[in-house]
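In what follows, a single structure is set out as structure tokens and then discussed.
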Protein chains: 2
Amino acid sequence: MPAIECLETPPAAATPKPEAERLCKLLAHIPLLDGFDPAELVRFARGVREQNVDKGTVLFHRGDPCHGFHLVLSGQIKLAFTSSEGQEKVIEIIRPGQSFGEAVMFMEKPYVVMAQALTDCKLLHIAKNVVFEEMDRDPSFCRRIIAGLSHRLHHLIADVETYSLRSGRERIVGYLLREEEISGEPGARGRVSVRLPTSKGTIASRLNLTQEHFSRILHELAEAGLIGVEGRTIHILDIEKLRTAQMQY
Amino acid sequence: MPAIECLETPPAAATPKPEAERLCKLLAHIPLLDGFDPAELVRFARGVREQNVDKGTVLFHRGDPCHGFHLVLSGQIKLAFTSSEGQEKVIEIIRPGQSFGEAVMFMEKPYVVMAQALTDCKLLHIAKNVVFEEMDRDPSFCRRIIAGLSHRLHHLIADVETYSLRSGRERIVGYLLREEEISGEPGARGRVSVRLPTSKGTIASRLNLTQEHFSRILHELAEAGLIGVEGRTIHILDIEKLRTAQMQY
DNA sequence: GGCGCGAGTTAACCAGAATCAAGGTCCAAG
DNA sequence: CTTGGACCTTGATTCTGGTTAACTCGCGCC
């Protein structure tokens with residue numbers, strides 16, 4: 001597990017133009033900047049840094065100061081906290097197109113969680129000063145940030161609900177159904193397959209379960225004829241049945 | 001438990017002036033509007049409605065549309081969700097000076113939780129249109145909203161951490177210490193007392209415990225000589241010792 | 001090939017917390 | 001004063017999920 005390190009893109013001091021252009025192209029795709037005109041993007045690009053990190057790299061620990069936020073271009077990042085006894089709880093698995101660290105940035109406080117690459121990743125780091133400048137300049141940009149934070153909050157409340165009101169079995173079934181929803185076709189019926197985005201241990205922690213318990217429940221669901229397990233691929237044998245099972249338990 | 005009902009302040013159509021003035025005075029104290037000049041407050045007051053609700057009143061249910069946010073002037077409101085089986089989980093107990101419902105307002109989605117008055121309450125309801133107008137007009141107002149949402153998010157993450165990494169005992173000890181911190185003198189030592197803001201059952205739910213389990217743990221803590229229980233008043237016999245107990249468990 | 005390693009599985013056992021079922025206490029209304 | 005209800009406590013029992021530990025499987029590497 002390598003220590004924190006920022007593999008910057010090659011300096012490119014000699015030819016800054018194409019490098020900046022490439023960055024702008026990347027920026028144009030991120031939801032927060034959707035519809036920004038080129039001039040705005042260039043302004044923004046000043047504070048943006050591309051990072052390539054290896055699997056296992058810790059981007060920041062709890063307590064580290066925050067200088068901006070991150071956006072994942074490819075790969076996966078896990079956000080987690082570790083208790084004093086060393087056990088870890090994964091709060092979120094960040095996937096391409098998603099960003100993290102905004103809330104802490106706006107609070108001017110150190111990180112409360114740690115972030116670690118689950119795979120080799122390509123990231124953008126957006127410095128907070130360009131965000132703050134843009135906020136002063138453009139009220140609609142503020143609106144987007146507010147919308148983003150609200151959305152995040154909403155999501156987290158749903159997580160709290162899941163953790164406190166649902167059993168392990170229900171959480172797993174819910175997870176599988178959601179996962180199918182984002183990766184599969186919209187109106188899927190009957191037999192569909194879901195590929196787990198990362199190791200079972202990590203997903204178990206995300207769902208507030210131990211790896212062992214997760215494994216057991218998958219086994220139970222398989223025995224009940226609801227799913228088939230094949231490594232990281234879960235075959236949902238009858239998605240309608242799984243949905244109704246979700247209701248009952 | 002009375003159904004939802006909005007006890008508006010008397011119409012005051014004949015003398016709108018003093019009524020508006022009184023509202024402005026209330027508004028001037030809320031953190032979000034701190035430092036606003038009178039003209040801004042008046043503009044804001046158009047969308048503000050005072051509400052007096054009785055204990056037990058449900059302000060909104062999950063699924064209700066959201067037309068603005070609420071601020072508590074006096075009394076307590078509980079935010080909770082109810083599972084399909086009817087069991088309830090309290091997410092937050094809102095106290096005077098605090099507000100709720102902003103995130104949902106910015107998302108233009110229905111409420112995901114329900115809000116109920118734990119005591120007779122005085123509230124302000126701020127309509128979303130005046131908030132949105134002010135956001136377009138004043139970037140610094142946006143900043144405050146962003147700061148508020150970030151803070152809320154931060155808090156919720158701390159809750160998730162507590163729920164998933166700490167035992168019931170630890171959660172209760174942590175709660176008592178926090179409660180002491182906000183109600184007691186800053187540098188308290190030795191013996192101090194904390195008054196629970198509401199019923200033990202509600203607090204138990206807030207901490208993700210059953211009433212029974214909560215009661216038992218209080219008993220255990222009392223037996224261990226850490227606290228004394230006298231109805232809703234908890235005497236912390238030695239706050240230093242409780243703090244170190246918090247570390248160990 | 002054999003070694004080591006990480007991920008996953010399985011089973012036996014255990015603990016923390018929920019559930020169920022009585023009571024107890026206090027207080028306000030009849 | 002006594003009746004009922006809200007709130008709380010207590011004990012017995014059950015259950016969910018965590019802990020520990022052994023074992024398997026696949027894979028990269030010497």
Side-chain angles (χ1 to χ4, degrees), chain A residues 1 54-56 76 78 83 85-90 116-119 162-173 175 195-223 227-234 249, chain B residues 1-2 54-56 76 78 83 85-90 116-119 162-175 195-224 227-234 248-249:
Chain A
M1 202 169 300
D54 294 336
K55 172 174 173 170
Q76 288 155 21
K78 87 170 172 212
S83 75
E85 295 86 38
Q87 54 181 332
E88 179 177 288
K89 152 68 181 145
V90 175
Q116 186 179 27
L118 289 172
T119 63
T162 306
Y163 294 148
S164 41
L165 250 35
R166 303 223 191 284
S167 70
R169 200 187 173 111
E170 290 172 299
R171 296 205 290 273
I172 292 182
V173 172
Y175 176 81
R195 173 109 189 134
L196 300 181
T198 183
S199 78
K200 291 185 184 172
T202 303
I203 291 170
S205 170
R206 168 69 244 266
L207 297 175
N208 238 358
L209 296 167
T210 56
Q211 180 170 237
E212 292 90 332
H213 196 200
F214 184 76
S215 175
R216 252 192 299 248
I217 294 175
L218 280 190
H219 188 85
E220 278 172 35
L221 290 174
E223 216 153 55
I227 64 171
V229 181
E230 202 180 318
R232 282 193 189 171
T233 304
I234 311 292
Y249 295 140
Chain B
M1 207 167 292
D54 294 337
K55 172 172 175 172
Q76 289 155 21
K78 89 171 168 208
S83 75
E85 296 86 37
Q87 55 182 328
E88 179 176 289
K89 152 70 182 144
V90 175
Q116 186 180 27
L118 290 172
T119 63
T162 306
Y163 294 147
S164 42
L165 250 35
R166 303 223 190 283
S167 69
R169 201 187 172 107
E170 291 172 300
R171 296 205 290 275
I172 292 182
V173 172
Y175 176 81
R195 175 107 188 137
L196 301 181
T198 184
S199 78
K200 290 183 184 173
T202 303
I203 291 169
S205 170
R206 167 70 245 267
L207 297 175
N208 238 358
L209 296 167
T210 56
Q211 182 170 237
E212 294 91 329
H213 197 199
F214 184 78
S215 174
R216 257 188 279 264
I217 292 176
L218 280 189
H219 189 85
E220 277 171 38
L221 290 174
E223 216 155 55
I227 64 170
V229 181
E230 203 179 317
R232 281 193 188 169
T233 305
I234 310 293
Q248 290 163 21
Y249 295 138

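Order of the sequence lines fixes the chain letters, A, B, ..., with proteins taken first and strands second; residue numbering starts at 1 for each chain.
If you check residues 200-208 of chain B against DNA chain C, the residues with a heavy atom closer than 4.0 Å are B:Asn208, listed by number.
We find that CZ of B:Arg166 is positioned 17 Å from C1' of C:dG16, with the value rounded to whole Å. Straight-line distance from the CG atom of A:Leu165 to the P atom of C:dA18: 12 Å, rounded to whole Å. The nearest whole Å value for the distance from the CD atom in B:Glu88 to the P atom in C:dA18 is 15 Å. Here the C1' atom of nucleotide D:dC15 and the CD atom of A:Glu220 are 13 Å apart, to the nearest Å. Remark: C1' of D:dT19 and CZ of A:Phe214 are 19 Å apart, rounded to the nearest angstrom. Whole-Å rounding puts the B:Leu196 CG to D:dC7 P distance at 14 Å. The CG atom of B:Leu218 sits 17 Å away from the P atom of D:dC7 (whole-angstrom rounding). In this structure, A:Tyr163 atom OH and C:dA18 atom P are separated by 18 Å, rounded to whole Å.
Rounding to the nearest 0.5 Å gives a distance of 11.5 Å between NE2 of A:His213 and CG of A:Leu207. The CD atom of B:Glu88 sits 3.5 Å away from atom NZ of B:Lys78, with the distance rounded to the nearest 0.5 Å. Between B:Ser167 atom OG and B:Ile172 atom CD1 the span is 9.0 Å, to the nearest 0.5 Å.
Applying the side chain to side chain donor-acceptor pair (under 3.5 Å) criterion to A:Glu230, with sequence neighbours excluded, gives A:His235. Residues passing the side-chain contact (heavy atoms from CB on, under 4.5 Å) test with B:Thr198 are B:Gln76, B:Ile93, B:Leu118, B:Thr202, B:Ile203, sequence neighbours excluded. Judged as a side-chain contact (heavy atoms from CB on, under 4.5 Å), and not counting sequence neighbours, the contacts of B:Arg216 are B:Glu212. Applying the salt bridge (Lys or Arg N to Asp or Glu O under 4.0 Å) test to B:Lys200 and every residue at least two apart in sequence or in another chain returns nothing. Not counting sequence neighbours, the partners of A:Thr233 by the side chain to side chain donor-acceptor pair (under 3.5 Å) test are A:Arg195. Checked against side-chain contact (heavy atoms from CB on, under 4.5 Å), A:Ser215 has no partners two or more places apart in sequence or in another chain. Partners of A:Lys89 by side chain to side chain donor-acceptor pair (under 3.5 Å), not counting sequence neighbours, listed by chain and number: A:Tyr163. Evaluation of the side-chain contact (heavy atoms from CB on, under 4.5 Å) rule for B:Glu220 yields B:Arg169 as partners, not counting sequence neighbours.
Under the 4.5 Å side-chain criterion, counting only non-hydrogen atoms from C-beta, B:Leu221 is not in contact with B:Ile234. Proximity of B:Ser199 to B:Arg232: side-chain heavy atoms (C-beta onward) are separated by under 4.5 Å at one or more points.
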Measure all distances between protein nitrogen or oxygen atoms and nitrogen or oxygen atoms of nucleotides 23-29 of chain D, and list the pairs falling under 3.5 Å.
none

What protein N or O atoms touch nucleotides 19-27 of chain C N or O atoms at under 3.5 angstrom, if any, and at what distances?
{"from": "C:dT19", "atom 1": "O4", "to": "B:Arg216", "atom 2": "NH2", "distance (Å)": "3.0"}
{"from": "C:dC20", "atom 1": "N4", "to": "B:Glu212", "atom 2": "OE2", "distance (Å)": "3.4"}

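Remark: A:His219 is not in phosphate contact with C:dT9, judged by side-chain N or O atoms under 4.0 Å from OP1 or OP2.
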Dot-bracket notation for DNA chain D is requested: 5' to 3', Watson-Crick or G-U wobble pairs only, both distances under 3.5 Å, with ( ), [ ], | and . as defined. ||||||||||||||||||||||||||||||
Does B:Ser205 form a side-chain contact (heavy atoms from CB on, under 4.5 Å) with B:Gln211? I'd like the steps, not just the answer. CA-CA 7 Å; B:Ser205 170; B:Gln211 182 170 237; over 6 Å; no
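Within the nucleic acid shown, B:Arg232 comes within 4.0 Å of sugar-phosphate atoms alone, with no base atom in reach, counting heavy atoms only.
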